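Since we're looking at a predicted model, the values are computed, not measured.
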Amino acid sequence: MNESFDKREAQRLKTLAEYRIVDTEPEPVFDELVHLACRICQTPMALICLIDSDRTWIKASVGIEGSETPRHLAFCNHVVMHCEAVTIPDTKADERFADHPLVAETPNIRF
């Protein structure tokens, strides 16, 4: 990475720690948000994920099981790494994701 990213990442991790939200109990407001996201986006799944130094922790989800994943496997890690929105029209056709377990196996994520 570069110095600019390292500083930004250090600040992001510090701020995340200050929120004290990682590894907390489920909260109805977050559950409502993922359900709303599914309705608005007309998708079968939605997640609210928080990325710490080595994992992605799932605060709320619809349509997918689990509470965390290694950071290097997280789709949203690409957003953090590049500091911009990432759109993946077809995960099977994208070399970064084609062999990803959530693409190659259930739930077969495609977009």
Side-chain angles (χ1 to χ4, degrees):
M1 290 293 117
N2 61 47
E3 186 176 333
S4 174
F5 172 81
D6 293 341
K7 286 182 182 178
R8 190 174 64 244
E9 179 66 356
Q11 182 60 49
R12 188 190 67 76
L13 291 171
K14 179 179 180 253
T15 301
L16 179 61
E18 289 170 357
Y19 281 122
R20 299 175 193 251
I21 192 170
V22 175
D23 294 321
T24 58
E25 293 295 319
E27 296 177 58
V29 68
F30 290 98
D31 295 335
E32 291 170 18
L33 285 172
V34 292
H35 285 280
L36 180 61
C38 282
R39 281 197 308 271
I40 290 171
C41 298
Q42 299 178 356
T43 60
M45 65 180 65
L47 297 90
I48 296 176
C49 301
L50 301 163
I51 301 174
D52 66 18
S53 59
D54 50 39
R55 68 185 171 130
T56 298
W57 179 74
I58 302 169
K59 176 66 176 170
S61 67
V62 170
I64 192 166
E65 298 293 321
S67 61
E68 65 181 67
T69 186
R71 181 174 173 166
H72 73 278
L73 287 178
F75 291 94
C76 47
N77 188 47
H78 290 270
V79 174
V80 172
M81 299 294 292
H82 301 289
C83 199
E84 62 185 24
V86 176
T87 302
I88 309 158
D90 182 355
T91 54
K92 291 290 265 183
D94 189 311
E95 65 184 34
R96 299 172 297 174
F97 305 104
D99 294 330
H100 190 287
L102 296 177
V103 172
E105 302 165 15
T106 302
N108 302 303
I109 294 172
R110 291 294 175 265
F111 174 80

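The number of heavy atoms from other shown groups lying within 6.0 Å of CG (Asn108) is above 12. Around CD of Glu65, the count of heavy atoms belonging to other residues, nucleotides or ligands within 6.0 Å does not exceed 12.
Counting all heavy atoms, side chain and backbone alike, Ala98 lies closest to Ala104 at O-CB, 4.3 Å. Closest of all the heavy-atom pairs between Arg71 and Asn77 is NE-OD1, 2.6 Å. Across every non-hydrogen atom of Ala60 and Asp31, the tightest pair is CB-OD1, 3.6 Å.
Residues Phe30 and Ile21 meet the side-chain proximity criterion, which asks for heavy atoms closer than 4.5 Å. The closest side-chain heavy-atom distance from Arg12 to Val80 is below 4.5 Å. With contacts defined as side-chain heavy-atom distances shorter than 4.5 Å, the pair Tyr19/Leu50 does not qualify. Side-chain contact check for Val103 versus Phe75: some heavy-atom pair is nearer than 4.5 Å. Taking the side chain as every heavy atom from C-beta outward, Arg110 and Thr91 approach each other to under 4.5 Å. Residues Trp57 and Thr24 are in side-chain contact: their nearest non-hydrogen atoms beyond the backbone lie under 4.5 Å apart.
Following chains of ILVMFWY side-chain contacts shorter than 4.5 Å, one can reach Ile48 starting from Val22, so the two form part of one hydrophobic cluster. Both Ile58 and Val86 are assigned to one and the same hydrophobic cluster, defined by single-linkage of ILVMFWY side chains at heavy-atom distances under 4.5 Å. No path of Ile, Leu, Val, Met, Phe, Trp and Tyr side chains, each step under 4.5 Å between heavy atoms, connects Leu47 with Val62, placing them in separate hydrophobic clusters. Follow the hydrophobic side-chain contacts under 4.5 Å out from Leu16 and you reach Leu33 in the same cluster.
Residue Glu105 holds its CD atom at 10.5 Å from CG of Asp99, rounded to the nearest 0.5 Å. Rounding to the nearest 0.5 Å places OG of Ser67 at 8.0 Å from CZ of Arg55. The NZ atom of Lys7 lies 10.5 Å from the CG atom of Asn2; values are rounded to the nearest 0.5 Å. In this structure, Ile109 CD1 and Thr43 OG1 are separated by 10.5 Å, a value rounded to the nearest 0.5 Å.
A donor-acceptor distance shorter than 3.5 angstrom exists from the side chain of His100 to the backbone of Leu73, with no hydrogens or angles considered. Checking side-chain atoms of Thr56 against main-chain N and O of Cys49 turns up no donor-acceptor pair under 3.5 Å.
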Take Leu102 and Ile64, measure what side-chain contact (heavy atoms from CB on, under 4.5 Å) needs, and give me the verdict at the end. CA-CA 10 Å; Leu102 296 177; Ile64 192 166; 4.0 Å; yes

Criterion side-chain contact (heavy atoms from CB on, under 4.5 Å) on Val34 and Lys59, from CA distance to verdict: CA-CA 10 Å; Val34 292; Lys59 176 66 176 170; over 6 Å; no

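Ring geometry for His78 against Phe97 counts as perpendicular: the plane angle is over 60°, on a 0 to 90° scale with 30° as the lower cut.
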